[in-house]
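Each residue takes its place number in the sequence, starting with 1. Please read these numbers as outputs of a predicted model, since none were measured by experiment. For ligands, and for the atoms within them, numbers begin at 1 and follow the listed sequence.
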Amino acid sequence: MISETKSIWMDGKLTPWREANVHVLTHSLHYGLAVFEGIRCYAGDNGSAVFRLAEHVERLFASAHVSCIDIPFSPKEIEQAVCETITSNGLRSCYIRPLVFIGSGEMGLYVTSNPVRVAIAAWPWGTYLGEDGLTKGIRVKISSFARHHVNSSLTRAKISGYYVNSQLAKREVKKAGYDEALLLDTDGYVAEGPGENVFIVRRGVLKTPPLTSVLEGITRATIMTLASELRIPVEEQRLTRDDLYIAEEAFFTGTAAEVTPIREIDDRQIGSGQPGPVTRRLQDTFFSIVKGQGGHPEWLTAV
Ligand code: PPE
């Protein structure tokens, strides 16, 4: 259970947590068309700051745009609302979940007059794949479910309905005793985790699948920038499942997952079976930046 906070920003105003409810005929609840974001705010030495807020809000609007949803607020208003939600709840570090959904009114797939609604919640959320996962690495299994084909989804969008696919993959591997799933694309190449992008290190080169069938992760972009700055060569390329098996290192990235080392895939040990030096270096750099102890102040919005 997540811990309850005081209020949730809903359609322009802060609403008490328990009153932030919707009608059961809410369109998005039935058909899955809603767009959302996951953002983190970190407590640092100089107070709290939201990591890459503008980029997350930009992606929220891009998701809405490609889905033909008009958000009745401006990006600046949403950025301010995110900050207001954090401060009004007295949170220092938290996860923030903006959700744009289609309200009730008409039913059926094609609706034109239902209101577009926006909610922003924030709550304290610790490590996504366990504290141990972050330090020791996790055990991953490739799911039998393929990630959506590019022509049956909009890959730049973070649409709620897509997460049925993610949940099927995740439930399958959790039931089999693994920590997290990995999905291949419909051509059989490595795509991503249910809620994470994936990276490997092979012969010192950092590799990640191209954006053809994965979400354009903001942590992914962050890690690629940091790797370049650390003079670690980076390549976007299609990877086969056995590219993963013979990798020296592997890790997941995501707002929730942060930088989580992978120590095993499909029962094959990855490298030494411990988080490798490149993963550790990138992980350390990432955590010092989000806590305001590294560079890139432009990625932090103080609250
Ligand atoms: N791929 C998918 C499918 C995905 O959902 C996420 C984020 C990423 C990659 C990484 O993107 P980014 O956060 O911009 O680096 N997944 C969000 C939801 C997780 C959840 O369980 O809910 C997240 O990490 O917030």
Side-chain angles (χ1 to χ4, degrees), residues 1-2 32 34-42 50-63 82 93-101 119-130 133-134 138 140 142-143 145-150 152-171 173-174 179-185 190-199 208-227 236 250-260 262 282-283 286-287 289-290 296 299:
M1 291 286 265
I2 61 172
V35 298
F36 71 101
E37 270 305 315
I39 312 173
R40 274 193 194 267
C41 170
Y42 289 92
V50 183
F51 186 62
R52 306 203 73 170
L53 175 60
E55 290 87 340
H56 280 283
V57 171
E58 191 187 319
R59 189 172 63 186
L60 182 72
F61 277 77
S63 295
V82 166
S93 66
C94 60
Y95 182 84
I96 306 118
R97 166 57 53 82
L99 174 70
V100 176
F101 61 102
I120 304 171
W123 64 87
W125 210 10
T127 52
Y128 188 57
L129 296 160
L134 218 50
I138 57 165
V140 169
I142 293 177
S143 170
F145 290 98
R147 196 208 191 267
H148 292 289
H149 184 271
V150 291
S152 57
S153 65
L154 300 161
T155 39
R156 294 292 171 274
K158 205 166 160 59
I159 295 179
S160 298
Y162 292 175
Y163 288 82
V164 171
N165 178 237
S166 290
Q167 289 177 76
L168 290 172
K170 181 141 194 167
R171 285 173 180 216
V173 309
K174 287 292 276 185
D179 301 314
E180 186 57 300
L182 185 67
L183 291 93
L184 305 179
D185 64 22
V190 175
E192 61 182 343
E196 310 90 352
N197 291 112
V198 68
F199 283 86
T208 192
L211 292 175
T212 46
S213 63
V214 303
L215 185 76
E216 191 172 12
I218 291 163
T219 322
R220 177 184 180 277
T222 302
I223 288 299
M224 289 171 80
T225 301
L226 297 180
E236 283 180 272
F251 60 88
F252 273 136
T253 63
T255 299
E258 300 168 305
V259 179
T260 301
I262 298 173
L282 289 166
Q283 202 187 35
F286 173 81
F287 280 116
I289 286 174
V290 297
H296 291 288
W299 287 346

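- Using bins of under 30°, 30° to 60° and over 60° for the plane-to-plane angle, the ring pair Phe199/Phe251 lands in the parallel bin.
- For ligand 1, the atoms lying closer than 4.0 Å to a non-hydrogen atom of Tyr163 are 2 (C), 3 (C), 4 (C), 5 (O).
- Using 4.0 Å as the threshold, Ala221 has no heavy atom nearer than that to any atom of ligand 1.
- Under the 6.0 Å cut-off for aromatic ring centres, Phe252 and Tyr128 do not qualify, their centroids lying 6.0 Å or more apart.
- With salt bridges taken as basic N to acidic carboxylate O contacts below 4.0 Å, none links Arg97 and Glu37.
- Taking any N or O of Thr219, backbone or side chain, at least one lies under 3.5 Å from an N or O belonging to ligand 1.
- The residues Arg40 and Glu258 are annotated as salt-bridged, a charged nitrogen and a carboxylate oxygen being separated by less than 4.0 angstrom.
- Heavy-atom distances between Glu216 and ligand 1 stay at or above 4.0 Å for every pair.
- Between Tyr95 and ligand 1, at least one N/O pair is under 3.5 Å apart.
- Residue, atom and distance of the protein heavy atom nearest to atom 11 (O) of ligand 1 are Gly217 CA, 3.5 Å.
- Considering backbone and side-chain atoms together, His56 places no N or O closer than 3.5 Å to any N or O of ligand 1.
- Residue contacts with ligand 1, taken as heavy atom pairs separated by less than 4.0 Å, do not involve Tyr162 at all.
- What sits closest to atom 22 (O) of ligand 1 on the protein, heavy atoms only, is Arg97 NH2, 3.0 Å.
- The shortest heavy-atom distance from Arg40 to ligand 1 is not under 4.0 Å.
- Proximity of Arg59 to ligand 1, defined as any heavy-atom pair under 4.0 Å, is confined to the side chain (atoms from C-beta onward).
- The closest approach between Tyr128 and ligand 1 falls below 4.0 Å for a heavy atom of the residue.
- When the options Glu192, Glu196, Glu236 are evaluated for a salt bridge (Lys or Arg N to Asp or Glu O under 4.0 Å) with Arg220, the one that passes is Glu236.
- For Lys158, the heavy-atom gap to ligand 1 drops under 4.0 angstrom.
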